[in-house]
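Since the structure comes first, as structure tokens, the remarks are kept for the end.
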2 protein chains.
Amino acid sequence: MRSMMHRVEVLKTVAHPVRIRILEELLKGVKCVSDFEDFLEISQPNVSQHLALLRRQGLIDHYMDGRLRCYFLKDPIIPDLLEILKKDYIEELPAPACCPVTKKGTYPGTRQR
Amino acid sequence: MRSMMHRVEVLKTVAHPVRIRILEELLKGVKCVSDFEDFLEISQPNVSQHLALLRRQGLIDHYMDGRLRCYFLKDPIIPDLLEILKKDYIEELPAPACCPVTKKGTYPGTRQR
DNA sequence: TGCAAGTATAATAATATTTGCATATATCAT
DNA sequence: ATGATATATGCAAATATTATTATACTTGCA
């Protein structure tokens, strides 16, 4: 099992709009840096910086193809993570009927807020 | 579907060791602030701040029970998210066999790095 | 009414993240 | 070797996050 620190790092690394879009593209297949430049509206150095971060965290990897660097997904959590981020949840979780843990409270009463 | 901004916010909000532990506890059932103080080794104001952030993002909610505030999970993405964070992935994703997207490269050759 | 328990909020200081820019490196074609 | 293409790296400025401290709010009870 991933350590708590590792879990936090994975989430923090994915938690950026550019990096989510990069990962979503990689889910479709291999891409090189200039591919990303085409649809992300940021500079090439910035693309490289995001890719470097994703690579340092072990989420992606690459191989060289001539002067291109071909990036691909590596960590298997990514497809699962992207899937639930896209999933449509219709209902909120059901509110609890009572307060089983409370030590001194008087619930159930009328729920407020 | 959640907007990109919303997805990023959810991930950023969960991406903290204290907040992950809070959410994992809430998965088991309702808890009040002093419950969290008992097993998280941080100050009460700090617990409240993390709870306030989770609440602002709509991930949790609470009701009042006397002077206690009973917190519970609200956003249905949370159980799914916590589950895949705990999941054990044994293998890395398979490296791509070729480089279908590359425009000018000469791959396949010997993969490097 | 007054006090204590439970919890929230605000201000601050320390730290981390993000971006833009300049520059560096590597490979290929000539 | 030279120049062009593809990509990476280093650094500083702007911004965001975090824990801490002090203080305020709310409820129940004497």
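Letters A, B, ... are given to chains in the order of the sequence lines, protein chains preceding strands, and every chain is numbered from 1.
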Expressed as a whole number of angstroms, how long is the span from [X]:[atom1] to [N]:[atom2]?
X: A:I20; N: C:dT18; atom1: CD1; atom2: C1'; value: 16 Å
X: A:L40; N: D:dT7; atom1: CG; atom2: C1'; value: 15 Å
X: A:E41; N: C:dG20; atom1: CD; atom2: C1'; value: 17 Å
X: A:L68; N: C:dT25; atom1: CG; atom2: C1'; value: 15 Å
X: A:L51; N: C:dT18; atom1: CG; atom2: P; value: 14 Å
X: A:H50; N: C:dT18; atom1: NE2; atom2: P; value: 7 Å
X: B:R67; N: C:dC3; atom1: CZ; atom2: P; value: 15 Å
X: B:L53; N: D:dA16; atom1: CG; atom2: P; value: 14 Å

Could you tell me whether the phosphate oxygens of [N], OP1 or OP2, come under 4.0 Å of any side-chain nitrogen or oxygen in [X]?
X: A:R69; N: D:dA8; answer: yes
X: A:H16; N: C:dT19; answer: yes
X: B:S34; N: C:dT7; answer: yes

Residue closer to the 5' end of DNA chain C, A:K12 versus A:S43 (nearest nucleotide): A:K12

Produce the list of close N/O pairs, under 3.5 Å, pairing protein atoms with atoms of nucleotides 9-15 of chain D; give distances to one decimal.
| from | atom 1 | to | atom 2 | distance (Å) |
| --- | --- | --- | --- | --- |
| D:dG10 | O6 | A:Q49 | NE2 | 2.8 |

Sugar-phosphate, base or nothing in reach of A:Y71, heavy atoms under 4.0 Å: sugar-phosphate

Any donor-acceptor N or O pair under 3.5 Å, side chains B:Y89, A:D80: yes

Between A:E9 and A:T13, a side-chain donor and acceptor under 3.5 Å: no

Residues A:K28 and A:E25 bridged, charged N to O under 4.0 Å: yes

Electrostatic pair A:R2:A:D75 at N-O distance under 4.0 angstrom: yes

5'-most by nearest nucleotide on DNA chain D - A:V33 or B:R19: A:V33

From OG (A:S34) to CD (A:Q44), nearest 0.5 Å: 9.5 Å

Euclidean distance, B:H50 NE2 relative to B:I42 CD1, rounded to 0.5 Å: 4.5 Å

Ring-ring centroid check A:Y63 A:F72, cutoff 6.0 Å: yes

